[in-house]
Amino acid sequence: MLTSLLSESPVGSLVLGSEDGERLRSCLFTTGRQGTKTPETSQRSHTPIFDQARDWLTRYFAGERPNPAELPLDPEGTAFQLSVWEVLAAIPYGETVTYGWVAERVGENRGKRTSARAVGGAVGANPLGIIIPCHRVIGANGSLTGFGGGLEAKVALLELEGVAMSRGARSEAIETPSKKTVQML
């Protein structure tokens, strides 16, 4: 059974979830396009993973650069979604990439071509918002596109990371990190 905890953050309330109490299954916004409430089927409880996740988030919002690999993560998704989330986890703090760039990396890792549209669906299904940094993915023209926690939260996260924003609608410089092998998931 999913155990959850409501946690406050500078960009709104987050629902942390764990299936086994040892690995983090979700970090979801309660507002925005995909806002969630604490699931009715969940049991509200305190577990050590929630302390770890809250510490990670506190350090992130303090301007530190915690690595997603510091947390035992257990996102639930298809093999394709997991491959997209692995690429997202490698996007460096303070940098943005496009859906096309993510599609190229996923295609390289899987050995077959991947569309930016398919990547967009997987990015939108990311159950570990902020921790797996889907907010760092933007449109090919620099537009912010959607974000599960709402565009206001996406802008706040990017500004926290020092991404140059003009009028909160475009990234002035899109830099892409070099390909890295990331051990996650």
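Note that this is a predicted model, so its numbers are computed, not measured.
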For a side-chain hydrogen bond (donor to acceptor under 3.5 Å, both in side chains) with R25, tell me which candidate from D74, D20, T3 qualifies. D74
Roughly how far, to the nearest 0.5 Å, is [atom2] of [Y] from [atom1] of [X]?
X   : Y    : atom1 : atom2 : value
T98 : E104 : OG1   : CD    : 7.0 Å
W56 : N67  : CH2   : CG    : 8.0 Å
Q81 : L88  : CD    : CG    : 11.0 Å

So, Y60 and S9: side-chain donor and acceptor under 3.5 Å apart, yes or no?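 No pair is found: no donor N or O on one side chain lies under 3.5 Å from an acceptor on the other.
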Does atom CD of E76 have more than 12 heavy-atom neighbours, drawn from other residues, nucleotides or ligands, at distances under 6.0 Å?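 12 or below, so no.
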A quick test of your reading: do over 12 heavy atoms of other residues, nucleotides or ligands sit less than 6.0 Å from CZ of R113?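 Not buried by this count: 12 neighbours or fewer within 6.0 Å.
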Taking all atoms of both residues into account, what is the closest heavy-atom pair of [X] and [Y], and its distance?
X    : Y    : value
C27  : L14  : SG-CD1, 4.0 Å
A153 : F147 : CB-CE2, 4.1 Å
C134 : G129 : SG-CA, 4.5 Å
L28  : P127 : CD2-O, 3.5 Å
K154 : G146 : NZ-O, 3.4 Å
L160 : Y93  : O-OH, 3.5 Å

Expected output: side-chain [X] to main-chain [Y] donor-acceptor under 3.5 Å:
X    : Y    : answer
W101 : A140 : no
T96  : I138 : no
N109 : S83  : no
W85  : A122 : yes

So [Y] and [X], do their side chains get closer than 4.5 Å, heavy atoms only?
X    : Y    : answer
L57  : L16  : yes
L158 : L144 : yes
D55  : R59  : yes
P75  : L82  : yes

Does the side chain to side chain contact (heavy atoms under 4.5 Å, CB included) test come out yes or no for L128 and L71, once each step is laid out? CA-CA 11 Å; L128 287 159; L71 292 172; over 6 Å; no
Should T31 and E152 be marked as a side chain to side chain contact (heavy atoms under 4.5 Å, CB included) after you check the CA-CA gap, both sets of side-chain angles, and the distance that decides it? CA-CA 11 Å; T31 59; E152 188 173 301; over 6 Å; no
Starting from the C-alpha separation in whole Å, work towards a yes-or-no answer on side chain to side chain contact (heavy atoms under 4.5 Å, CB included) for Q52 and L24. CA-CA 9 Å; Q52 291 175 309; L24 193 63; over 6 Å; no
Should V119 and V137 be marked as a side chain to side chain contact (heavy atoms under 4.5 Å, CB included) after you check the CA-CA gap, both sets of side-chain angles, and the distance that decides it? CA-CA 10 Å; V119 163; V137 182; 5.8 Å; no
Residues R136, E95: salt bridge by 4.0 Å N-O rule: no
